[in-house]
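Report on the following structure.
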Amino acid sequence: MNHKLTPSTILLLVIPPLLWSGNAIVGRMIHEMLPPITLNFIRWLLAFLILLPMAFRIYRRGSTLWRNWRRYAVLGLLGVGLYNALQYMALQSSSPINVTLVAASMPVWMLIVGSLFFQARVTRWQLAGAAMSIAGVLLVLSRGELAQLLTLRLVPGDLFMIIATITWSLYSWLLTRGDDAELRNHWADFLLAQVSFGVLWSAAFSAAEWTLMQPAIHWNPMLFAALAFVAIGPAVIAFRCWGLGVQRVGPNVAAFFNNLTPLFAAVMSAAFLGESPHLFHAVAFLCIVGGIVLSSRRG
């Protein structure tokens, strides 16, 4: 592992947040064309078909996948079946800027989940950083009107995104557990193992969505293009670039790049959706990033 940030490493770590912010924009653009849980299912089904030729060997007899199928079933549920579905559900009523800013509070939830369920040590700097990041999230949820915090009413999308960040935090901690080096050594193997189960979870959730809500799909060229993008870009290319970048500089350094996502989302929202960012978005972003910087200090 080389902790030096070279131009090629910076590019690898910038591409994922760019694609993940694009995922939020596209999810918002097509939210009336396709129900959110079905969107998640189709996205990961396409990603599964893309990954299959590269990693079909994981299905051979004696593979780590079968020995640890319960682990990958849980990872697929949290990381594929729930997180992205909740994000798309959030985009039904919340803006991409708000969604990505709430998601930028992820390190705070990582800290809470780690302390409560994985006996992770919490430092004073982490507590200070958590408080600062939470202040940023509250600023987003109150839409910049701090006086409204006493009578704060969250839109469904805000609640869905908070649940999504907690889900991803639990997923991330579970990734650090388990002895599965055989699959971890190849990014496509490891991702396909999770997606294999995640697609099944997503299919079940999508079936429930159609049974309970009876939504409709409005097929058109824009929808086809959007599905291709969310399957190839955020689901496959972003995971590949992120994995390479983390291998080069480690997760602590790479984590800072993840907070480019709301910045990219703000620019894209203005360009494609006409949703101009406000001053409170910038202040919230600074609070969240400042909190993460504080959390990374030692002592």
Side-chain angles (χ1 to χ4, degrees), residues 16-17 19-20 23-24 27 35-48 51 55 58 64-91 99-100 102-120 137 156-180 183-184 187-209 230-231 234-236 238-240 242-243 246 251 254-255 258 261:
L19 291 173
W20 289 332
N23 182 51
I37 299 177
T38 300
L39 168 58
N40 186 57
F41 167 61
I42 296 176
R43 172 198 182 183
W44 285 107
L45 177 61
L46 293 174
F48 170 81
L51 291 166
I58 69 170
T64 300
L65 174 65
W66 305 124
R67 295 197 299 272
N68 299 309
W69 71 268
R70 291 180 181 84
R71 165 175 162 76
Y72 286 104
V74 173
L75 291 175
L77 170 64
L78 297 174
V80 176
L82 286 178
Y83 176 73
N84 292 279
L86 287 166
Q87 184 183 50
Y88 290 136
M89 291 170 67
L91 289 164
V99 165
T100 53
V102 173
S105 68
M106 190 75 68
V108 175
W109 298 107
M110 293 278 193
L111 181 66
I112 295 172
V113 170
S115 176
L116 290 177
F117 303 107
F118 296 91
Q119 294 77 51
V137 175
D158 296 332
L159 291 173
F160 284 135
M161 203 59 219
I162 290 173
I163 296 171
T165 58
I166 296 172
T167 298
W168 187 263
S169 298
L170 180 58
Y171 164 80
S172 299
W173 274 102
L174 289 174
L175 282 179
T176 67
R177 301 301 194 263
D179 182 18
D180 48 9
L183 295 183
R184 284 178 180 272
W187 71 274
D189 291 1
F190 192 53
L191 183 55
L192 182 59
Q194 300 171 58
V195 172
S196 298
F197 290 99
V199 166
L200 297 178
W201 287 113
S202 299
F205 296 152
S206 181
E209 180 180 51
V230 298
V236 177
F239 270 81
R240 175 55 169 161
W242 189 257
V246 169
N258 187 58
T261 304

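Distance check: I37 CD1 to L86 CG gives 8.0 Å after rounding to the nearest 0.5 Å. In this structure, CZ on F239 lies 7.0 Å from CD on Q194, to the nearest 0.5 angstrom. The CZ atom of R70 sits 14.0 Å away from the CG atom of L75 when rounded to the nearest 0.5 Å.
Between F160 and V102 there is no side-chain heavy-atom pair separated by less than 4.5 Å. The shortest distance between side-chain heavy atoms of R43 and Y88 falls below 4.5 Å. By the 4.5 Å heavy-atom criterion applied to side chains, V80 and Y171 are not counted as neighbours.
Counting non-hydrogen atoms of other residues, nucleotides and ligands closer than 6.0 Å to CZ of F118 gives a total above 12. The local environment of CH2 in W201 is sparse, with at most 12 non-hydrogen atoms from other residues, nucleotides or ligands closer than 6.0 Å.
Checked against a 6.0 Å centroid threshold, the rings of W69 and Y72 do not count as neighbours.
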| query | Which is it for V74 and F197 under the side chain to side chain contact (heavy atoms under 4.5 Å, CB included) test, yes or no, and what are the steps along the way? | reply | CA-CA 8 Å; V74 173; F197 290 99; over 6 Å; no
| request: Could you give me the CA-CA distance, side-chain angles and deciding distance for T64 and F190, then say whether side chain to side chain contact (heavy atoms under 4.5 Å, CB included) is met? | output: CA-CA 10 Å; T64 300; F190 192 53; over 6 Å; no
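For the pair L65 and A193, the tightest heavy-atom approach, listed with the atom from each and the gap, is CD1-CB, 3.8 Å. Contact between N84 and G79 at its shortest, heavy atoms only, is ND2-O, 3.1 Å. For the pair L91 and A24, the tightest heavy-atom approach, listed with the atom from each and the gap, is CD1-O, 3.4 Å. Of all the heavy atoms in W109 and S169, the pair that sits closest is CB-OG, 3.2 Å. Contact detail for A238 and L19: the closest heavy-atom pair is N-CD1, 3.8 Å. Nearest heavy-atom pair, A235 versus L191, reported as atom, atom and distance to 0.1 Å: O-CD2, 3.6 Å.
The side chain to side chain contact (heavy atoms under 4.5 Å, CB included) test with V113 singles out one residue from T167, T165, L170, and that residue is L170. For the ring-ring contact (aromatic ring centres under 6.0 Å, His included) test with W168, the passing option among W20, Y83, W173 is Y83; the others fail.
At least one donor-acceptor pair under 3.5 Å links the side chain of E209 to the backbone N or O of T38. Judged by distance alone, the side chain of S206 and the main-chain N or O of S202 form no donor-acceptor pair under 3.5 Å. No donor-acceptor distance shorter than 3.5 angstrom exists from the side chain of R240 to the backbone of A188, with no hydrogens or angles considered.
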